[in-house]
Protein chains: 2
Amino acid sequence: MGRWEPNARGRLEQAALALYSERGFEQTTAAQIAERAGLTERTFFRHYADKREVLFGGAHALEEAFVDALTGAPDTAAPIDAMASTLEAVASFFRERHEFARQRQAVIMANAELRERELIKLASLSSALAATLRRRGVKDSVAALTAEVGIAVFKVGFERWVEDDGKRPLADFLRESLGELTVVASGD
Amino acid sequence: MGRWEPNARGRLEQAALALYSERGFEQTTAAQIAERAGLTERTFFRHYADKREVLFGGAHALEEAFVDALTGAPDTAAPIDAMASTLEAVASFFRERHEFARQRQAVIMANAELRERELIKLASLSSALAATLRRRGVKDSVAALTAEVGIAVFKVGFERWVEDDGKRPLADFLRESLGELTVVASGD
DNA sequence: ACACCGATGACAGTGACTGTCATCGCGTAG
DNA sequence: CTACGCGATGACAGTCACTGTCATCGGTGT
């Protein structure tokens, strides 16, 4: 694979997260990341489209997990119930990754550009979920709203889990958040 | 106010929207926008923090309209009902601006960076709405979810309105979108 | 007329990102 | 074993977004 040490991408990712944590995102140059990874700036941009993307390498896998879970939900389940079981399934994606998620989240929340990137990844995820729902025969508008709402529930639950001590599983927080949605939408 | 012609900000905004529409966002340089507005690149960046921000000058006023409307909702209204009346009130913000909104939306949707900026503006709006709900005594989690859901409803309705011919008022689309939310959350 | 001040211009500088071409190291055909 | 092919990397120049700094303009109040 690589010319010298293997796993260039992984080294860049580790170096970036470390530097972003230590000195902040803006204060870190692409050249510094590359240097710590034993590569050049040019190679950094061959692996990642920009400085932010290095923190979102896992987004594609997460989207896949979401779509797979939603696709596998029982055909008879109502959209919101399919979404509920999807959240349940996806929670395992983050098992054993609480510490990593915490550090990454801290870096992202500390910088506006990174928050922007996070939001568009979630929007892409929402869009993929809506498409999957449509494939299940759900009406366009209902699919879009169910997906948006599902992501909203995920966000709220995920943020609380990250702030927690990592002992309670993510699934707990997602269930809690979903329960609150029902309260909200029914008019309290 | 200005040293030469007045309304430098407005001229920059118009020039930017025109150029972004004509040749695309990425193909437009800040210097070109400034030149068309009869100013220099440096002055462009004095008025707008970056190339994207020039398209989002109205975001602050919109957020204000949202917050004011939500603040003015009857104290007795349930969160989701207060949100409904807020959407109703905010719809007038876009009256007579369908053509402008359409052109702006086309530019934004054609570029990923601009979509990112749009999303973070909406997130900021959601956050402001949640804070306003909390001020009404709504529990944190319910406030956050109601705000997120309210924005989701707004997005869906707004996008349909923009794609429409401009004859039907935005409020119609927002009501329609809100109606669908009820269907979704109740389990279809 | 004069002093003051906010908005603008001029200019240099940093860093993100790109295009291009040479080079390296490994697998493979011969 | 050797020559060749090819993907990954390095080297280097270039564009452009964005910033810091200082001079200058034009209106305002005295």
Side-chain angles (χ1 to χ4, degrees), chain A residues 1-57 107-108 110-118 120-121, chain B residues 1-57 107-108 110-118 120-121:
Chain A
M1 193 66 82
R3 176 146 81 178
W4 288 15
E5 304 303 315
N7 194 25
R9 273 184 78 92
R11 270 153 46 214
L12 286 168
E13 191 180 321
Q14 283 199 341
L17 182 58
L19 287 170
Y20 292 169
S21 290
E22 289 171 20
R23 64 178 74 181
F25 175 77
E26 288 184 356
Q27 284 62 48
T28 303
T29 71
Q32 290 165 351
I33 299 170
E35 187 187 353
R36 178 173 295 206
L39 297 165
T40 64
E41 185 190 16
R42 190 66 186 89
T43 298
F44 174 89
F45 287 110
R46 283 204 183 86
H47 284 278
Y48 296 100
D50 59 56
K51 252 180 81 180
R52 299 174 242 173
E53 198 61 20
V54 67
L55 288 177
F56 296 89
V107 169
I108 290 174
N111 180 272
E113 289 184 60
L114 291 173
R115 286 198 299 273
E116 286 188 350
R117 180 57 52 87
E118 169 102 331
I120 207 167
K121 293 292 182 187
Chain B
M1 192 69 80
R3 177 146 80 176
W4 290 18
E5 304 302 315
N7 194 25
R9 273 185 78 92
R11 269 152 49 216
L12 286 169
E13 190 179 322
Q14 283 199 340
L17 181 58
L19 287 170
Y20 292 169
S21 289
E22 288 170 20
R23 64 178 72 180
F25 175 78
E26 288 185 354
Q27 284 63 49
T28 303
T29 71
Q32 290 165 351
I33 298 170
E35 188 188 352
R36 178 173 295 207
L39 297 165
T40 64
E41 186 191 15
R42 190 66 186 86
T43 298
F44 174 89
F45 287 110
R46 282 202 185 89
H47 284 277
Y48 296 100
D50 60 56
K51 252 180 81 180
R52 298 174 240 171
E53 198 62 19
V54 67
L55 289 176
F56 296 89
V107 169
I108 291 174
N111 180 272
E113 290 184 59
L114 291 174
R115 286 197 301 272
E116 287 188 348
R117 179 57 52 88
E118 168 102 331
I120 207 167
K121 293 293 182 186

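Chain letters run A, B, ... following the sequence lines, proteins first and then strands; every chain starts at 1.
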S.K.: Does dT9(D) have OP1 or OP2 under 4.0 Å away from a side-chain N or O of His47(A)?
M.R.: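 It does, given that an N or O in the side chain of His47(A) lies less than 4.0 Å from OP1 or OP2 of dT9(D).
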S.K.: Could you state the atom-to-atom distance from CD of Glu26(B) to P of dT15(D) in whole Å?
M.R.: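 Between P of dT15(D) and CD of Glu26(B): 18 Å.
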S.K.: State plainly whether the residues Arg52(B) and Glu116(A) are in salt-bridge range, i.e. N to O under 4.0 Å.
M.R.: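 Judged by the 4.0 Å cut-off on N to carboxylate O distance, Arg52(B) and Glu116(A) do form a salt bridge.
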S.K.: Without decimals, in angstroms, what is the distance between Leu39(A) CG and dC24(C) P?
M.R.: 17 Å
S.K.: Does the distance from a Lys or Arg side-chain N to an Asp or Glu carboxylate O, for Lys121(A) and Glu53(A), drop under 4.0 Å?
M.R.: yes
S.K.: Please report the distance, rounded to the nearest Å, between CZ in Arg42(B) and P in dC22(D).
M.R.: 13 Å
S.K.: Just how far, in rounded Å, is P of dC18(D) from CZ of Arg52(B)?
M.R.: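 Answer to the nearest Å: 7 Å.
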S.K.: CG of Asn111(B) versus P of dA17(D): gap in Å, rounded?
M.R.: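 To the nearest whole Å, that distance equals 12 Å.
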S.K.: Taking the six-membered ring of Tyr48(B), is NZ or CZ of Arg9(B) closer than 6.0 Å to its centre and within 45° of its axis?
M.R.: yes
S.K.: Give the rounded distance in Å between these two atoms: CD of Glu41(B) and C1' of dC18(D).
M.R.: 8 Å
S.K.: Looking at dC16(D), I'd like to know if its phosphate oxygens (OP1 or OP2) sit under 4.0 Å from a side-chain N or O belonging to Thr29(B).
M.R.: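 The answer is no; no side-chain N or O of Thr29(B) sits under 4.0 Å from OP1 or OP2.
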S.K.: Would you call Glu22(A) and Arg36(A) a salt bridge, taking side-chain N to carboxylate O under 4.0 Å as the test?
M.R.: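 Answer for the salt bridge query: yes.
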S.K.: DNA chain D: Arg46(B) or Asp50(B), which has the more 5' nearest nucleotide?
M.R.: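 Going by which nucleotide is closer to the 5' end, it is Asp50(B).
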S.K.: Ile33(B) has an atom CD1; how far is it from atom C1' of dT8(C), in whole Å?
M.R.: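 After rounding, the reported distance stands at 18 Å.
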S.K.: Using atom NZ of Lys51(B) as one end and atom C1' of dT19(D) as the other, report the distance to the nearest whole Å.
M.R.: 17 Å
S.K.: I want to check one thing: is the phosphate of dT8(C), taken as OP1 and OP2, less than 4.0 Å away from some side-chain N or O of Thr43(B)?
M.R.: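 For Thr43(B), the contact criterion (side-chain N or O under 4.0 Å from OP1 or OP2 of dT8(C)) is not met.
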S.K.: With a 4.0 Å cut-off on heavy atoms, is Ala31(A) in touch with a base, just the backbone sugar-phosphate, or nothing at all?
M.R.: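 The residue Ala31(A) makes no contact with any strand.
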